[in-house]
Amino acid sequence: MSEFTVLVGNAAGTPLPAGLTQVLSQSDTLRIVDVVRNWAQLLAMVERHHPDLLVLDRMLWRAASGRRLQRISLPSPAPRIVMFSDLLDASVVGEAIAYGVQGCMTSVASESQWSNAIQVVLDGDIAMPRKLLASALENSLHRRVDDPTWPEKLSAEGNEPLTDRERDVIRCVTSGMTNKEIARHLGISDATVKTHLHHVFGKLKVGRRMLLVPGSTLAS
C-alpha cells in the first residue's frame, strides 16, 4: 500500500478542521510532514520535503501573493492541493482553481467527506462541489468573453477557441449534469468527457491538471 506525505498549512490561532484531524490521525497511508503556521515556513517545507499533498487553510493562503502561490507548483512533481475554508462559494472555488487547487472543502466537512476528497485528489482528479464548480466555470467564461451568449464565442487574447463539442460539454456541466449523465446525453464515454473538460480548463487558463471525477464523488 502506497504512503503519501502530507504538509498542512493552517493559520495561526485557528484549529484544524475536526474531520481533517480525524483522517490524518487514523490513516495508515497518510504521513504528516508538519503543520506550519505561516507562509514562509510553508514554502520552505514544500521545497525541502516535496510533499504529495498540501492541505491549506484559505486564511493562510490569502495572505500570499499570486507569485508566492505559483512557487508551490515549482517542485517536480508538484504537490496536489486541497484548500479548506469556513465559506465556500463560486468565487472561492474559482479563485482556487485559478491557482491549480484540486480540492475545496468546508471547515465543517465530516471525516468521511475529508477522506473521500483526499483520495480523489491523490488519484489525480478534482474534489469540489459540482454546482460551485459549474458556477465558477461560468463566471470564468464571463470574465474572459465580452459576450452574453457564452460560450458561443471565445475571443480572449491568446486563447484557443473552444470546439463545438467542448461548448456542448460546458452547457451540460452548467446545467447540473454529472459526468456520466453528460456521457449518456452526448453519446460519448466518461473518459472523453473528462478529456474535453481538461481541454476547456486549459484553454481558459483556470488551473492545471483539471480533471472532473464522476458525479458520485462530488457534492451536489
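Everything numeric here is computed off the predicted structure, so don't read it as measured data. What you see below is based on every heavy atom in this structure, not just the backbone, and it leaves out hydrogens, waters and symmetry mates.
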From Arg31 atom CZ to Leu53 atom CG, the distance as rounded to the nearest 0.5 Å: 12.5 Å
Distance, nearest 0.5 Å, that separates CG of Leu186 from SG of Cys172: 4.5 Å
Pairwise side-chain contact, Met105 with Val82, heavy-atom cut-off 4.5 Å (strictly under): yes
Nearest-0.5 Å distance, NE2 of residue His196 to CZ of residue Arg165: 6.0 Å
Residue list, side-chain contact (heavy atoms from CB on, under 4.5 Å) with Ser27, at least two apart or on another chain: Thr29, Leu30
Matching residue for Val36 among Leu43, Leu42, Asn10 - test: side-chain contact (heavy atoms from CB on, under 4.5 Å): Leu42
Asp28 side, atom CG; Glu3 side, atom CD - distance, nearest 0.5 Å: 10.0 Å
same_hphob_cluster(Val101, Val46) at 4.5 Å side-chain heavy-atom cutoff: yes
Gln119 side chain vs Asn116 backbone, donor-acceptor pair below 3.5 Å: no
Side-chain donor or acceptor of Gln26 paired with backbone N/O of Val23 under 3.5 Å: no
For Pro51 against Pro79, the heavy-atom pair lying closest together: O-CB, 3.2 Å
Thr5 OG1 to His50 NE2 distance, which is reported to the nearest 0.5 Å: 10.0 Å
4.5 Å side-chain heavy-atom contact, Val108 and Phe84: no
Side-chain heavy atoms of His49 within contact of Leu7, under 4.5 Å: no
Contacts of Asp86 that satisfy side-chain hydrogen bond (donor to acceptor under 3.5 Å, both in side chains) - sequence neighbours left out: Ser107
Cluster overlap Val6 with Met83, hydrophobic side-chain contacts below 4.5 Å: no
Shortest non-hydrogen contact between Trp114 and Ala109, atoms and distance: CD1-O, 3.5 Å
Counterpart residues, side-chain contact (heavy atoms from CB on, under 4.5 Å), relative to Arg184 (two or more places apart): Lys180, Glu181
Pair Ser189-Thr192, side chain to side chain donor-acceptor pair (under 3.5 Å): steps then yes or no: CA-CA 5 Å; Ser189 69; Thr192 301; 2.9 Å; yes
Test item: Ser85 side-chain N/O and Thr106 main-chain N/O as donor-acceptor pair under 3.5 Å: no
same_hphob_cluster(Leu88, Leu133) at 4.5 Å side-chain heavy-atom cutoff: yes
Partners passing side-chain contact (heavy atoms from CB on, under 4.5 Å) against Met59 (at least two apart in sequence or in another chain): Ala11, Thr14, Asp57
Path from Leu54 to Leu122 over hydrophobic side-chain contacts below 4.5 Å: no
Same apolar cluster: Leu20 and Phe4, side chain cutoff 4.5 Å: yes
Qualifying residues under side-chain hydrogen bond (donor to acceptor under 3.5 Å, both in side chains), relative to Thr21, sequence neighbours excluded: none
Partners passing side-chain hydrogen bond (donor to acceptor under 3.5 Å, both in side chains) against Ser115 (at least two apart in sequence or in another chain): none
Considering all heavy atoms, the nearest Ala96-Cys104 contact: CB-SG, 3.5 Å
Rounded distance [0.5 Å steps], CG in Leu24 versus CD in Glu111: 10.0 Å
Side-chain donor/acceptor of Gln102 to backbone N/O of Ile81, under 3.5 Å: yes
Worked verdict on Gln41 versus Asn38 for side chain to side chain donor-acceptor pair (under 3.5 Å): CA-CA 6 Å; Gln41 285 182 321; Asn38 65 65; 3.1 Å; yes
